[in-house]
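Some notes on the structure that comes next.
Remember, it's 1-based here, ligands and their atoms both numbered in the order they're listed. Numbers here are sequence positions counted from 1.
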Amino acid sequence: MRITYIEPQNGYKKKSRGGLSLAGLSGIPVIILKEGTRRETGKEAQKRNIQAAKAVADAIRSTLGPKGTDKMLISSSGDAIITNDGATILREMDIEHPVAKMIVEVAKAQDDEIGDGTTTAVIIAAELLKGAEGLIDQGVHPTVIVSGFKQARIKAQEYLEGLSIDVSGNKEMLIKIAETAMTGKGIDVLGNKLSKIVVDAAIAVTDNKRIDLEESVKIVKIPGGSLDDSLINYGIVIEKDRLHPEMPKKVENARIMLLEGSLELKKFSSDAKITITEAKNLASFKEGEEKILREQVEAISKAGANVVFCQKGIGLTAQHYLTKYGILAARRVKEEEMQMLAKATGARIVGDVLQVSNKDLGEAALVEERKIGKDKNMIFVEGCKDAKAVSIILHGVSEQFLDEIERAFEDALNVVLDVILSGKIVPGGGAPEIMIAEKLRQYASTFSGREQLAIRAFANATEAIPFGLAENAGFDPVDAIVALRSKHSHGLNNYGIGMDDGEPRDMMALGVVEPLKVKIQAIKSATEASTMVLRVDDVIAAKREEFKTKPGQSPHDYTRPPMPPMM
Ligand code: ADP
Ligand code: MG
C-alpha cells in the first residue's frame, strides 16, 4: 500500500515516495480515495489476480477430455445439475472475484462463438498466467511477457493451419467430428448413432452460411424410453394440444397455415359502453361476430389449409368453425416456433387471415398429435421436404441426463456446422498442442531477448492439454508427454494420446478430429484473457456494500460465498 499523504516539509526535501501526493500542501493529508477503498499495486496485485485465474481453471480441469469426470452443481434452491461441460460449470458457479469473472467471460465468449473448446481455453489461459508468474518472479516485465505471448499466439495459429486438412463434403469425417465433440458426456456407447443425427441436422439446416442454430434446430427432450430411440425429425415438434377433441388428430399431406394474429374478436374493454337492451340486439350482435369469424375460417379452408398454427388466441366461435371444416389447429404457438415452422414447411407467416392464399401454405407429409408420457401431448410436424429447420427428439431416463445430452448435442452441432462451412479439421487428443509446444520451443531459440522466455512459457502452457487428457484418463502424464514429444520430433504431428492405454496414437486414423477453428479460437481466447490479466497492476476496489439478502432468502443463508479478499 502506498502512502497517500505528505509529511510537513521542514527544511529539507523528503524523498518522494510516489503515490497520490499533491506537492505544496504541506501538513495536510491528501486523501483522494473514499474511505474504505482498498488499493493494491504492482507485483502483489498481479499475483493475486493470477491466483484467481488459476482457481477458475482448477475448478474445471478434471472435466477435460473423454475420460474427464462430471461435476454436480447444486443451486441455492436445491436443483442439481450433473455435467462435464466446462462452460456450464462456470456459468452455474457464483463467481465473484473480478479477475475470475474475466476468465469466465472468456469461456463464455468461446462457447458463444464456437460452442466448444471452453475447458481447453480456460486451462491454457491459467497455464499462461502460471508461466508468467514465474517470469515476473525472475524480474521479467509483464510488457515483455505480453509481447512474447502475442508472437507465440500468431505462430501457434500458423502451425495449426499447417496441420489442418480440408474435408469439405466428407460426411464420414463430419460424423467423426461430432463424435469427438460429444465424447465424455456419458453417451459414448451410442456415439455413432447420435453423431449421425447431429450431422444430418447440421446438413439440413445450413445454407452454406453461418446460421443461428437456436433458430433452426429444436431439441425436444422426452423423458422415458432409451437414448437409442432418439431421432431426427424433418419438421418441428410443438409442445401443444390440438385445440378441440373433435379436430382431426392426424393429417396426412398437411397444408399448413401460420397465422400471426388471432382468430377471435377483440374483447371489449370495460369503458367501451355498449348497451344491448333487447334480446334481439344481443342476438344480432352475436350473429355479426359469428359472421366475421366464419368468413375468416372459410378463407383459411378455401386457401386449402388443413392445419393452422396460430401465434395468438383462437376463440370458441372460430374453434367451432375450424372443427367443422376438419382443420387441426393449435393456438398461442411461440413466435420462435412459428419462425421454425416457416423454415421447416416453407410456409409464409400470414398477417391478415382474409388475404391468405394457397401460396402462403407450407407442407408436411404428416401432422399428428401424439401422447408423450402420461398426460402430455405434442404436435409432430414431420416429413417436410427441404426442411431448413428440424427437431431432434431425445429420449432418456431422466431430465438431468437429457439436459446433459442436450448440451453435448449443442456442442457437436456447432462444431459440425463449423466444419461444413470452413472444411478444415485438425487431429484431437492433444496432438495439436504438443506440436505447437515443440515448434514454439524451436522458434523461441531464434530470440535473443527475454521474449524467448515468454515464448517458452507459452509452449509449456499448451502442453497442459495433453497433460490433462492423460492425467484425467489415469495415465502417467509425464510418460505420455515424453512419448508424444518423441513422435512429434519425427514429424508425426497427428499423434495424440490414445485413451485406451495412454500411448501415442495417430488421431486422424482413429477419427479423433476437431475443427481447426475450435483450436485457433481456444488459443486466441486464452492469450487474450491472460494478457488482459497481466496488464493490470493496480487494483482499486470500492468499499463493498453489505451483503443484502434477496427476497425469500434467510439472512442466515450463507450459500453465496463472500467475495475472496482482494488484498
Ligand atoms: P473442451 O471444453 O475444451 O471442448 P472437452 O472436455 O470436450 O473440453 O475435451 C476436449 C478434448 O478432448 C480435446 O482436446 C479432444 O481432442 C479430446 N478428445 C476427445 N475425444 C477424444 C478421444 N477419443 N481420444 C483422445 N482425445 C479426445
Ligand atoms: Mg468439448
> If every non-hydrogen atom of F380 is compared with every non-hydrogen atom of I393, which pair is closest and at what distance?
Replying inline: CE2-CD1, 3.5 Å
>> Side chains of T180 and E514: any donor to acceptor distance under 3.5 Å?
In response: no
Show me a pair-per-line table, with atom names and distances to 0.1 Å, of protein N or O atoms that are under 3.5 Å from an N or O of ligand 1.
from: ligand 1; atom 1: 2 (O); to: T118; atom 2: N; distance (Å): 3.3
from: ligand 1; atom 1: 2 (O); to: T119; atom 2: N; distance (Å): 3.0
from: ligand 1; atom 1: 2 (O); to: T119; atom 2: OG1; distance (Å): 2.9
from: ligand 1; atom 1: 3 (O); to: T119; atom 2: N; distance (Å): 3.4
from: ligand 1; atom 1: 3 (O); to: T120; atom 2: N; distance (Å): 2.8
from: ligand 1; atom 1: 3 (O); to: T120; atom 2: OG1; distance (Å): 2.5
from: ligand 1; atom 1: 4 (O); to: D116; atom 2: OD1; distance (Å): 2.7
from: ligand 1; atom 1: 4 (O); to: G117; atom 2: N; distance (Å): 3.1
from: ligand 1; atom 1: 6 (O); to: T63; atom 2: O; distance (Å): 3.4
from: ligand 1; atom 1: 6 (O); to: G65; atom 2: N; distance (Å): 2.9
from: ligand 1; atom 1: 9 (O); to: G65; atom 2: N; distance (Å): 3.1
from: ligand 1; atom 1: 16 (O); to: G429; atom 2: N; distance (Å): 2.7
from: ligand 1; atom 1: 16 (O); to: E514; atom 2: OE2; distance (Å): 2.7
from: ligand 1; atom 1: 20 (N); to: T183; atom 2: OG1; distance (Å): 3.0

>> Minimum heavy-atom separation for G396 and L402, please, with both atom names.
In response: N-CD2, 3.6 Å
>> Assess the residue pair D418 and V518 against the criterion (side-chain contact (heavy atoms from CB on, under 4.5 Å)); give the C-alpha distance rounded to whole Å, side-chain angles, the decisive distance to 0.1 Å, and a yes or no.
In response: CA-CA 9 Å; D418 196 79; V518 170; 5.6 Å; no
> For the Mg ion (ligand 2), what is the closest N, O or S atom on D116?
Replying inline: OD1
> For K54, does the NZ atom sit with more than 12 other heavy atoms under 6.0 Å from it, leaving out its own atoms?
Replying inline: yes
>> Under a 4.0 Å threshold between the charged nitrogen and the carboxylate oxygen, would K218 count as salt-bridged to E337?
In response: yes
